[in-house]
J.: 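Before we start, here is the structure in question, set down as structure tokens.
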Amino acid sequence: MAIYLTKESKVLVQGMTGGEGMKHTRRMLAAGTDVVGGVNPRKAGRTVDFYDRAVPVYGTVAEGMAATGADVTVVFVPPAFAKAAVLEAADAGIGLAVVITEGIPVHDSVAFTSYARAKGTRVIGPNCPGLITPGQSDAGIIPADITKSGRLGLVSKSGTLTYQLMYELRDIGFSTCVGIGGDPVVGTSHIDCLAAFQEDPDTELVVLIGEIGGDAEERAAAYVRDHVTKPVVGYIAGFTAPEGRTMGHAGAIVSGSAGTARAKREALEAAGVRVGSTPTETARLVLELLDARQPEGS
């Protein structure tokens with residue numbers, strides 16, 4: 001099992017004919033993703049050869065969906081065009097839009113995430129690495145060769161830390177890894193993923209990675225306390241960040257104790273989440289919890 005993305009997912013790539021789109025479409029295909037088409041109105045009707053597969057280019061998302069049955073789109077378009085790309089995908093009725101683009105104005109993100117939600121389209125991102133269900137499908141830029149299929153779920157604000165924890169826990173493997181993005185406004189939250197992992201029978205334990213800024217992790221902690229019965233292990237990036245400054249793509253200014261790594265850690269631990277001080281310690285906590293759950297003598 002998995003959340004949001006499986007081997008049955010049929011993927012369109014908006015911006016496939018651009019440099020980044022071409023590079024990562026090639027990677028996704030190599031990972032086993034069923035990329036069924038690209039979208040570029042100026043190059044509609046052409047095909048692009050990847051390995052031994054010719055991928056058609058459609059003028060619109062709606063045309064691509066009608067021709068292929070696509071249910072996922074991955075967005076590799078410049079920031080100025082990202083809002084229009086997501087609105088088009090939502091109007092076409094696609095189920096999942098994975099927005100890799102960084103540098104999108106916040107007011108554009110507010111507009112397209114709320115519009116997509118109203119249309120029934122789940123947005124992951126923006127400014128995210130996407131998601132991967134190892135051994136099945138990879139939608140975005142997450143390396144497919146650093147882990148395997150397994151029984152852990154992962155939800156993360158940080159792309160780099162997503163990759164590190166995937167690698168640190170590669171011997172256990174993952175059901176699905178979701179990079180939700182670290183912008184102030186994102187389409188899918190920690191809570192959304194926690195709820196989905198809670199319902200996934202093949203996810204035994206969830207790894208939650210957060211960052212300084214905002215209150216997403218505090219809200220996730222409250223959700224874990226009230227709704228999640230599976231063990232959750234957390235890591236918060238930014239313990240050494242100075243107060244009063246925006247750091248990286250954490251999405252908020254840390255002010256006083258609000259939004260600090262310490263405050264987030266305390267909220268998670270109060271909800272029963274074990275929180276590591278480093279990625280490596282976080283991986284060790286996962287292994288300890290999994291060992292403790294094994295039947296005696298197994």
Side-chain angles (χ1 to χ4, degrees), residues 1-15 20-21 24-25 27-36 70-76 82 85-86 89 94-102 109 113 116-117 121-167 169-170 173-183 186-200 202-203 205-211 216 220 249:
M1 295 290 290
I3 68 168
Y4 305 147
L5 187 73
T6 72
K7 63 182 178 181
E8 306 300 327
S9 300
K10 296 182 182 299
V11 178
L12 292 173
V13 181
Q14 290 173 265
E20 290 299 303
H24 291 294
T25 297
R27 287 186 49 264
M28 287 188 282
L29 285 165
T33 307
D34 188 10
V35 179
V36 295
D71 53 2
V72 177
T73 182
V74 184
V75 179
F76 286 103
V86 180
I94 205 154
L96 179 66
V98 183
V99 186
I100 307 301
T101 308
E102 63 179 322
S109 296
T113 54
R117 190 175 299 113
T121 295
R122 174 174 297 281
V123 172
I124 293 178
N127 190 16
C128 77
L131 71 163
I132 182 171
T133 295
Q136 297 191 48
S137 190
D138 183 3
I141 64 175
I142 297 176
D145 58 353
I146 58 175
T147 195
K148 65 180 182 180
S149 178
R151 50 202 169 112
L152 306 176
L154 187 149
V155 53
S156 173
K157 277 186 176 180
S158 165
T160 302
L161 291 171
T162 298
Y163 313 151
Q164 182 167 357
L165 266 297
M166 286 172 61
Y167 182 76
L169 293 164
R170 63 194 180 279
F174 292 83
S175 54
T176 303
C177 303
V178 186
I180 60 173
D183 278 4
V186 293
T188 294
S189 67
H190 286 110
I191 291 174
D192 294 327
C193 294
L194 286 165
F197 283 129
Q198 173 68 18
E199 295 301 315
D200 177 29
D202 288 342
T203 297
L205 180 150
V206 182
V207 181
L208 183 153
I209 300 174
E211 295 177 335
H249 60 77

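Residue numbers count from 1 along this sequence.
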J.: First locate atom CG of Leu152, then atom CZ of Arg170, and finally report the distance between them rounded to the nearest 0.5 Å.
T.: 13.5 Å
J.: Quick check: closest heavy atoms across Leu5 and Thr133, and the distance to 0.1 Å?
T.: O-OG1, 2.7 Å
J.: If only atom types and distance count, is the side chain of Thr162 paired as donor or acceptor with the main-chain N or O of Ser158 below 3.5 Å?
T.: yes
J.: Take atom CD of Glu102 as the centre, draw a 6.0 Å sphere, and report whether it contains more than 12 heavy atoms from other residues, nucleotides or ligands.
T.: no
J.: Quick one: closest heavy-atom pair of Gly179 and Ile124, and the distance?
T.: O-CG2, 3.5 Å
J.: For the atom pair OG1 (Thr188) and CZ (Arg122), what is the distance rounded to the nearest 0.5 Å?
T.: 4.0 Å
J.: If I take atom CG from residue Asp71 and atom NZ from residue Lys10, how far apart are they, to the nearest 0.5 angstrom?
T.: 8.0 Å
J.: Side-chain contact, heavy-atom cut-off 4.5 Å: Phe197 with Val207?
T.: no
J.: When rounded to the nearest 0.5 angstrom, what distance separates OG1 in Thr176 from CG in Asp200?
T.: 6.5 Å
J.: When rounded to the nearest 0.5 angstrom, what distance separates CD1 in Ile3 from OG1 in Thr203?
T.: 7.0 Å
J.: Considering all heavy atoms of both residues, which atom of Leu161 and which atom of Ile209 are nearest to each other, and what is their separation?
T.: O-CD1, 3.6 Å
J.: Could you go step by step and tell me if Val186 and Thr113 meet the side chain to side chain contact (heavy atoms under 4.5 Å, CB included) rule?
T.: CA-CA 7 Å; Val186 293; Thr113 54; over 6 Å; no
J.: When you measure from the side chain of Thr6 to the backbone N and O of Glu8, does any donor-acceptor pair fall under 3.5 Å?
T.: yes
J.: List the atom of Leu208, the atom of Ala220, and the distance in Å for their closest heavy-atom pair.
T.: CD1-CB, 4.0 Å
J.: Using side-chain heavy atoms (C-beta onward) and a distance below 4.5 Å, is Tyr4 in contact with Cys193?
T.: yes
J.: When you compare the side chain of Ile180 with that of Lys157, does any pair of heavy atoms fall below 4.5 Å?
T.: yes
J.: Considering all heavy atoms of both residues, which atom of Ile142 and which atom of Cys177 are nearest to each other, and what is their separation?
T.: CD1-O, 4.1 Å
J.: So, for His24 and Phe76, which heavy atoms are closest and what is the spacing to 0.1 Å?
T.: CB-CZ, 3.6 Å
J.: Hey, could you give me the CG/CD1 distance between Leu165 and Ile146, rounded to the nearest 0.5 Å?
T.: 10.0 Å
